Novice: 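Okay, here's the structure, questions in a sec.
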2 protein chains.
Amino acid sequence: MKKGKATIHDIAEKLNITASTVSRALNDNPRISENTKKQVIKMAKQLNYQPNHIASALRSGKSKLIGVLVPTANRNFFSSVVRGIEEIANELDYKVIISQSYEDFEKEVQTVDALLNARVDGIIASIGKNTDSFDHFKKVLDKGIPLILFDRITNELDVSQVVIDDYLGAYEVTKHLIDQGCKRIVHFTSPKKINIYRERLRGYEDALRDAQIPLDSDLIEESNMQLEDGRTSMENILRKGVSFDAVFSSSDYAVMGAMQVLREHKISVPDQVKLAGFGNEPFTSFTAPPITTVDQKSIPMGRVTAETFFELLKSENKKKATHKTVLKPELIIRESSLNKS
Amino acid sequence: MKKGKATIHDIAEKLNITASTVSRALNDNPRISENTKKQVIKMAKQLNYQPNHIASALRSGKSKLIGVLVPTANRNFFSSVVRGIEEIANELDYKVIISQSYEDFEKEVQTVDALLNARVDGIIASIGKNTDSFDHFKKVLDKGIPLILFDRITNELDVSQVVIDDYLGAYEVTKHLIDQGCKRIVHFTSPKKINIYRERLRGYEDALRDAQIPLDSDLIEESNMQLEDGRTSMENILRKGVSFDAVFSSSDYAVMGAMQVLREHKISVPDQVKLAGFGNEPFTSFTAPPITTVDQKSIPMGRVTAETFFELLKSENKKKATHKTVLKPELIIRESSLNKS
DNA sequence: TGTATTAAGGCAATCGATTGCATATATAAA
DNA sequence: TTTATATATGCAATCGATTGCCTTAATACA
């Protein structure tokens, strides 16, 4: 009793049938009669039977585990996506192993390896900023393990992916700033060649172009996009003495840094300089003034990602067609970018 | 080759020895000669052998997985602790399954069950706010699975635990406010009977008492401590018209809400009202003004928790003595609680 | 020289569930 | 009645690694 041991053999014995039958009954195999199934299920309950997933995994080769790899769980966006994935996975009786690469390439490679070793049935990943080689992911594909990417993706891998339309988000937020009368818009971006920053930069540029505002490379600041980097970038701009009337940062953290520096320099937001970020991190809503940003639709992204993933998992070796889903971001306009009315 | 299949049998075959020997060699068993070990290791590398943890787990009963259960990974404190745990676990060749209860009791119960089903070798948990029954954890203990708690703990379970000195943190921050001249200090706390809020309340009360300042229940606001709740609490206080010159909130989020409301009411922080929170969430450092708070020493807590856990894991059924580690918190004084000098 | 130890491996069972193939009734078609 | 066809279940191998016990050979001790 206490031992929490009951196996299918125990059930079989009590019922005077074999373990095979029990196994099939439990898995709702059509070859077993309804009556037997009922008895088995009843006895299982009675003995407080808990299936041993390990044994099942060994034999069937399916661990019912899926690995989710994110740069960091400590970001609203990622943790929300993870939550969406978890919800769907749990419904389907899959367990999720969350692991973090901490934006570190080495760690990312190791982690993928670790997931493989843990025999996950598939991997859902968002790649790190510093990742520029994809052999670790190719290894996953070579092993025939389902892989899909979300948000931070790459074209070097032939896999399905789910992203938001970063280009559109950036275009809209830039256009919004222009509509507010801004003409000299600073842009914070990353030197890393990952898709999201590239697309946002493109959106920024096109919005300017469409408004006939000349691009000025002096207004582009590259950095790692953390809060401190945002501070540095802002200081650089001030030091250079270029004129500007807005900042659109590809990261909420960096724009927060910029806001601090502006405040220290007694430059008023939004009166003198308008600000906009990207990501809709919760803190953007409770700064003074609240910061305009772009919501990345983390919840839908989590769900869509999970759905796409499980479709792939079901189809197994069948369908090969990879698929890219693009979700629409949402512009969240707040005080930091608005003219006083 | 491509199949990524190599097992210990393959290695054995190539070397003309048995799988037992290979297994022992790989596990550095003293019964195997150094020479054989070398050969085995070399061949393993050559065949690109990857141990099948599932098989190993089934036979040995050790999955090398540990479950970490937190209310939410989306909080700096928890994600930092998790990171500390991960680091140590990985060093010891354990994999960590992070799971979240989302402060939901049902979900917490299910999740513990899921971890058990995944055959984790042990569980490290921080309990949800709404948890008031602990049968799910007792089940873990009954199964003889190592369990330890951190931060959000309970005395109803005889397990080792790691916490910070919430009492001391609250005492110090309250004393700090008193030292700044405050005499009417509002306190935000939770109606939930979990240890952290109880202790913080106690620290607050004792600090007042020691300074001969009368306690006033009108100054205590109970809520769920999210940002919105902080807003509501602050508005309640203002509506009640009680006089106050400071707010000490047991949560950074709630104090943020309070700050917003004060701003909306044109009440100046820190001139008219001083503010302090608890938790040292990153955003407290970049609000205007930055908010005084108490750092919970998440990194050390993660490491200590992991160390305590693995000691327990090693000692197995031996040592039973549970142990409570109390870390010192750190008062982080920022502008929100300081008089202009 | 004979017996006790130690060292180095081998053998085979085992962990618990799954599954291809075989078997035994029962029902249906001829 | 006989032969095909389901239907329901049993048998036994299997997944890959681990481990208790046994065997052999070599070294040590009397």
Side-chain angles (χ1 to χ4, degrees), chain A residues 3-41 43-44 47-65 93 116-121 143-144 316, chain B residues 3-41 43-44 47-65 93 116-121 143-144 316:
Chain A
K3 286 285 164 187
K5 285 285 178 198
T7 72
I8 52 171
H9 293 95
D10 300 324
I11 298 177
E13 199 173 318
K14 294 265 183 190
L15 259 32
N16 243 327
I17 54 179
T18 61
S20 328
T21 305
V22 175
S23 172
R24 292 191 173 107
L26 258 16
N27 288 308
D28 203 30
N29 186 310
R31 282 198 294 171
I32 304 299
S33 71
E34 284 309 316
N35 184 35
T36 306
K37 280 182 191 170
K38 263 183 199 127
Q39 284 187 272
V40 167
I41 289 169
M43 182 58 69
L47 298 180
N48 188 28
Y49 167 74
Q50 297 295 129
N52 186 326
H53 288 151
I54 303 268
S56 151
L58 175 58
R59 177 63 229 251
S60 68
K62 265 83 194 62
S63 66
K64 290 281 198 171
L65 287 176
D93 214 31
L116 253 21
N117 272 345
R119 269 14 191 216
V120 294
D121 287 345
K143 294 204 174 199
E316 280 288 354
Chain B
K3 286 284 164 189
K5 284 286 179 201
T7 73
I8 52 171
H9 293 97
D10 300 325
I11 299 178
E13 199 173 320
K14 293 266 183 188
L15 258 32
N16 243 327
I17 54 182
T18 62
S20 329
T21 305
V22 174
S23 172
R24 293 191 171 106
L26 258 16
N27 288 307
D28 204 29
N29 185 308
R31 283 198 293 173
I32 304 299
S33 71
E34 285 309 317
N35 185 35
T36 306
K37 281 181 190 169
K38 266 186 197 122
Q39 284 186 271
V40 167
I41 289 169
M43 183 56 70
L47 297 181
N48 187 29
Y49 167 74
Q50 298 294 130
N52 185 327
H53 289 152
I54 302 268
S56 155
L58 176 57
R59 177 63 228 250
S60 67
K62 266 84 194 61
S63 66
K64 290 282 198 169
L65 287 177
D93 214 31
L116 253 21
N117 271 345
R119 259 39 182 199
V120 294
D121 287 346
K143 294 205 174 197
E316 281 288 352

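Residue numbering restarts at 1 for every chain, and letters A, B, ... go by the order of the sequence lines. Remember, it's a predicted structure, so these values are computed and weren't measured experimentally. The basis for the numbers below is simple: all heavy atoms, side chains too, and nothing from hydrogens, waters or symmetry mates.
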Novice: Tell me what A:Thr7 touches on the nucleic acid: a base, only sugar-phosphate, or nothing, going by heavy atoms under 4.0 Å.
Specialist: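 Sugar-phosphate: the residue A:Thr7, judged by heavy atoms under 4.0 Å, touches backbone atoms but no base.
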Novice: Which whole-number value in Å describes the distance from A:Asn29 CG to D:dA8 P?
Specialist: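 For the pair A:Asn29 CG and D:dA8 P, the rounded distance is 11 Å.
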Novice: I would like to know whether A:Asn35 and A:Gln39 meet side chain to side chain contact (heavy atoms under 4.5 Å, CB included); could you show each step before the answer?
Specialist: CA-CA 6 Å; A:Asn35 184 35; A:Gln39 284 187 272; 4.0 Å; yes
Novice: Counting distance alone, no hydrogens or angles: does the base of C:dC11 have a donor or acceptor under 3.5 Å from a partner atom on the side chain of B:Ser20?
Specialist: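 Flag set: donor-acceptor pair detected.
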Novice: Using heavy atoms to find the nearest nucleotide of DNA chain D for A:Thr36 and B:Leu58 separately, return the residue whose nucleotide is more 5′.
Specialist: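 Closer to the 5' end of DNA chain D: A:Thr36.
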Novice: For D:dA8, does OP1 or OP2 lie under 4.0 Å from any side-chain N or O of A:Ser33?
Specialist: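 So the side chain of A:Ser33 is outside the cut-off, no N or O lying under 4.0 Å from OP1 or OP2 of D:dA8.
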Novice: Under the 3.5 Å rule, do the base of C:dG10 and the side chain of B:Arg24 count as making a donor-acceptor pair?
Specialist: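 Yes, the side chain and the base share a sub-3.5 Å donor-acceptor pair.
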Novice: Looking at C:dC15, I'd like to know if its phosphate oxygens (OP1 or OP2) sit under 4.0 Å from a side-chain N or O belonging to A:Asn52.
Specialist: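 False: A:Asn52 side-chain N/O out of range (4.0 Å or more) of C:dC15 OP1/OP2.
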Novice: So what does B:His9 hit on the nucleic acid, given a heavy-atom distance under 4.0 Å: a base, only sugar-phosphate, or nothing?
Specialist: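 It contacts base atoms.
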Novice: Does NZ in B:Lys37 sit with more than 12 non-hydrogen atoms of other residues, nucleotides or ligands closer than 6.0 Å?
Specialist: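 Yes - once you tally the heavy atoms of other residues, nucleotides and ligands closer than 6.0 Å, there are more than 12.
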Novice: Any side-chain N or O of B:Thr21 less than 4.0 Å from the OP1 or OP2 oxygen of C:dG10?
Specialist: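 B:Thr21 to C:dG10 OP1/OP2: side-chain N or O found under 4.0 Å.
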Novice: With a non-hydrogen cut-off below 4.0 angstrom, is A:Ser56 in contact with a base, only sugar-phosphate, or nothing?
Specialist: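 Here A:Ser56 touches the backbone only, sparing every base.
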Novice: Classify the nucleic acid contact of B:Ile32 as base, sugar-phosphate or nothing, counting any heavy atom under 4.0 Å across all strands shown.
Specialist: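 The residue B:Ile32 makes sugar-phosphate contact but no base contact.
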Novice: Would you state whether a donor and an acceptor, one from the side chain of A:Arg59 and one from the base of C:dG20, lie under 3.5 Å apart?
Specialist: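 Answer is no: no donor-acceptor pair is held.
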Novice: Remember a base hit wins even if backbone is also touched, and classify A:Ile17 as base, sugar-phosphate or nothing at under 4.0 Å, heavy atoms.
Specialist: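 The answer is sugar-phosphate, as A:Ile17 gets under 4.0 Å only of primed atoms, P, OP1 or OP2.
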Novice: Which nucleotide sits closest to the side chain of A:Ser23: D:dA17, C:dA17, D:dA8?
Specialist: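 Minimum distance to the A:Ser23 side chain belongs to C:dA17.
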